[in-house]
Each structure stands twice: as structure tokens, then as C-alpha cells.
Amino acid sequence: MKENKINILVADDDADIREILEILLKAEGFDVVMASDGKRAIELVDENIDLIILDVAMPEKNGFQVCKEIRNVSIAPILFLTAKGMESDKAIGFSAGGDDYMVKPFSNAELIFRVKALLRRCYHYQPFNKEKKNIYKIDNIIMDDNTKSVTVDNIPITLTPIEYDILCLMMQYPNKVFSVQNLYESIWSQDYSYLDNNTIVVHISNLRKKIEKDPKNPQHLKSMWGRGYYVGESNKIF
């Protein structure tokens, strides 16, 4: 994780929720920036923001709209807070570029757990090892796990932390079929339920749009009917 202090942006139109989150996050040593509407949240996002907590139902712009705009300038992990717990709402959130989703009212302890888990995934880098550089290749796709970068046809692409973690896990084990449960429990570090199936489906769909020439006919991130997902043969080049 980053050594300097973590900056978290909280965007929620409920003053009570903002106050609770500020107290919880500051107690954990985080710096907190506040926004009471979607428009202000977008204005506050810059390279210093490390994680964003977004309410879905906000004035000016809702959380899903805000998330889409933020993804144009930042890959900081985004945690949605919402009163809606429908699977369709979760799918919209993940499609917009969100990384995790919590339904109000939420457990204070669980919120902190999820915040820390997102930060670990995004900012915990493996120490450099000259004998093991952790660079993987699938045809025109190259992943450098030291710099957390991915290129397609030598062009850098931007992945959200969750998208990166899914692709990284699968590229380390070429041709291994990962069930939806495997992926969810490996990436989220939580027990899987059938309600989480759509979460993985949406992230896989988003990944294919970024790494495949034809996402509807994927050549690299493939499906095995009834079993799960896998990536085609990759070669560790260092």
C-alpha cells in the first residue's frame, strides 16, 4: 500500500451519512474529502484521490453518471453506497466502472473492511525481484505486474483495479478454467453466493471490451459453457 496518507473522496447528499463516514475513515488514519452532490464529486477528483465512495441517488448527477465521468480521468477504486439492492442496480454500477457495492444501512465494520480490501488490491505492489519480473503475454496483450500496466498492440489500456486483478489472476494460470465462484472469492476475498454471479459477468464483459478486437467473439478471454472462464495460452516472458 502507498506509504503516504490515503485520500478518500466521499460523495453523498445525506449530511448524516457524510459525518458518519468521515468519523469512521479518519479513525482509520485516512484523509477525507467531502462532496454533497455528483457535480462537486467530479470536480474534486484528481491524482491525489486514492479511493471514492459514491452514493447512487444524488442531486445534479447520480452516482452511476459520476462514476462514468470519473473513469475518464481516474482508475481509483470506487465503492457504491445505495439504498437499492437489486441485481440490476449492481450490474449498472459495475458497468459504469465501479469496483464494489454496499447497500444502506451498512455495517460500519464491513465498510472499513471493504475500503481496506479495495486499497490493498489497488496499491499493494509486489517487491521487485530481478529473477522474476512477472510479465505475461497472450498474443498482442502484455501485462507487467510490476508497474500494474497492460498493453494491447503496444497501446496502453486503462483497467479498473477489479478488472486488472481478474485479468492478472487468469494470465498467471493460462488455460485454467476459473468458475464464477473461484473468481469472486479470489478477487473479493468474500464468500460467494449465486447473487454474485452477475457481478463477475459484468466485469468479464467490460474486460473483453478493452482487450478483444471483437468482444462478442473473444479470442483471449474465453468461456467454457457451464464451467467458467479462462484465458488462452500465455507465456511468461521473463
Side-chain angles (χ1 to χ4, degrees), residues 1-2 4-123 158-164 188 195-196 198-199 202-203 205-206 209-210:
M1 192 169 302
K2 296 189 345 176
N4 54 313
K5 208 160 189 181
I6 297 294
N7 297 301
I8 297 179
L9 169 62
V10 173
D12 198 304
D13 63 330
D14 187 322
D16 291 335
I17 295 292
R18 291 200 305 273
E19 182 179 3
I20 291 170
L21 291 175
E22 184 174 23
I23 292 171
L24 288 172
L25 295 169
K26 285 187 173 180
E28 295 294 327
F30 301 126
D31 280 343
V32 183
V33 180
M34 293 289 180
S36 59
D37 62 66
K39 183 178 179 181
R40 182 59 178 154
I42 294 170
E43 293 171 349
L44 289 172
V45 173
D46 60 23
E47 67 277 4
N48 296 312
I49 297 297
D50 301 296
L51 183 140
I52 302 156
I53 299 176
L54 280 182
D55 180 33
V56 171
M58 290 189 293
E60 300 294 339
K61 294 188 177 185
N62 68 43
F64 299 143
Q65 294 170 320
V66 173
C67 184
K68 285 183 180 179
E69 293 198 32
I70 286 175
R71 280 291 170 247
N72 292 326
V73 297
S74 174
I75 61 169
I78 294 176
L79 169 63
F80 280 114
L81 294 181
T82 179
K84 299 179 179 180
M86 299 291 291
E87 283 299 299
S88 58
D89 297 314
K90 292 184 180 182
I92 293 171
F94 290 127
S95 295
D99 298 287
D100 206 351
Y101 203 102
M102 288 191 70
V103 177
K104 299 177 183 178
F106 53 83
S107 157
N108 293 349
E110 183 181 359
L111 181 133
I112 293 300
F113 168 82
R114 288 177 182 255
V115 165
K116 290 182 175 180
L118 285 171
L119 289 169
R120 280 197 301 272
R121 284 200 293 267
C122 192
Y123 300 114
T158 300
L159 301 180
T160 68
I162 294 294
E163 291 167 356
Y164 180 89
W188 273 266
L195 295 175
D196 298 312
N198 200 45
T199 297
V202 172
H203 282 297
S205 175
N206 290 343
K209 291 174 184 176
K210 295 179 179 181

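In what follows, every heavy atom counts, from backbone to side chain, and hydrogens, waters and symmetry copies are set aside. Model, not experiment: these values are computed from the prediction. Count residues from 1 along the sequence.
- The side-chain heavy atoms of Arg71 and Ile78, taken from C-beta on, include a pair separated by under 4.5 Å.
- In this structure, the side chain of Lys104 does not engage the main chain of Leu81 through any donor-acceptor pair within 3.5 Å.
- The distance from the CE atom of Met102 to the CD1 atom of Ile53 is 9.5 Å, given to the nearest 0.5 Å.
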Donor-acceptor pairs are to be reported for all side-chain atoms of residues 15-26 against protein atoms at under 3.5 Å, with residues two or more places apart or in another chain.
unit_1, atom_1, unit_2, atom_2, d
Arg18, NH1, Asp12, O, 2.7
Glu22, OE2, Lys26, NZ, 3.0

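- Taken from CD1 in Ile75 to CD1 in Ile70, the straight-line distance is 13.0 Å, to the nearest 0.5 Å.
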Which pairs would a plain distance check flag for residues 33-40, meaning a side-chain donor or acceptor within less than 3.5 Å of a matching protein atom at least two apart in sequence or in another chain?
unit_1, atom_1, unit_2, atom_2, d
Asp37, OD1, Lys39, N, 3.1
Asp37, OD1, Arg40, N, 2.8
Arg40, NH1, Glu43, OE1, 3.2

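- Here the CG-CG distance, from Asp55 to Leu79, works out to 11.0 Å after rounding to the nearest 0.5 Å.
- Sorted by first then second residue, the ring-ring contact (aromatic ring centres under 6.0 Å, His included) pairs that include residues 35-63, not counting sequence neighbours, number zero.
- A search for ring-ring contact (aromatic ring centres under 6.0 Å, His included) contacts involving Tyr164 returns nothing, not counting sequence neighbours.
- When all heavy atoms are compared, the tightest approach of Thr158 to Lys210 is O-NZ, 3.0 Å.
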List the atom pairs, with distances to 0.1 Å, where a side-chain N or O of residues 59-68 and a protein N or O form a donor-acceptor pair under 3.5 Å, not counting sequence neighbours.
unit_1, atom_1, unit_2, atom_2, d
Lys61, NZ, Glu69, OE1, 3.4
Lys61, NZ, Glu69, OE2, 2.3
Asn62, OD1, Phe64, N, 3.0
Asn62, OD1, Gln65, N, 2.9
Gln65, OE1, Asn62, N, 2.9

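- Taking the six-membered ring where the residue is Trp, Trp188 and Phe94 present perpendicular rings, their angle passing 60° and hence far from 30°.
- Under the salt bridge (Lys or Arg N to Asp or Glu O under 4.0 Å) criterion, Asp13 pairs with no residue at all, not counting sequence neighbours.
- One distance of note links CG of Leu54 with OG1 of Thr82; it measures 11.0 Å at 0.5 Å rounding.
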I'd like a table of donor-acceptor pairs (distance under 3.5 Å, sequence neighbours excluded) in which one partner is a side-chain atom from residues 108-115, with atom names and distances.
unit_1, atom_1, unit_2, atom_2, d
Glu110, OE2, Arg114, NE, 2.8
Glu110, OE2, Arg114, NH2, 2.7
Arg114, NH1, Asp100, OD1, 2.8
Arg114, NH1, Asp100, OD2, 3.1
Arg114, NH2, Gln190, OE1, 3.2

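- Atom CG of residue Leu118 and atom CG of residue Asp50 lie 12.0 Å apart, to the nearest 0.5 angstrom.
- Across Pro161 and Asp99, no two heavy atoms sit closer than the pair CD-OD1, 3.6 Å.
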> Step by step, would you call Leu51 with Phe30 a side chain to side chain contact (heavy atoms under 4.5 Å, CB included)?
Replying inline: CA-CA 10 Å; Leu51 183 140; Phe30 301 126; over 6 Å; no
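- In this structure, Ser74 and Ala76 approach most closely via the heavy-atom pair OG-N, 3.0 Å.
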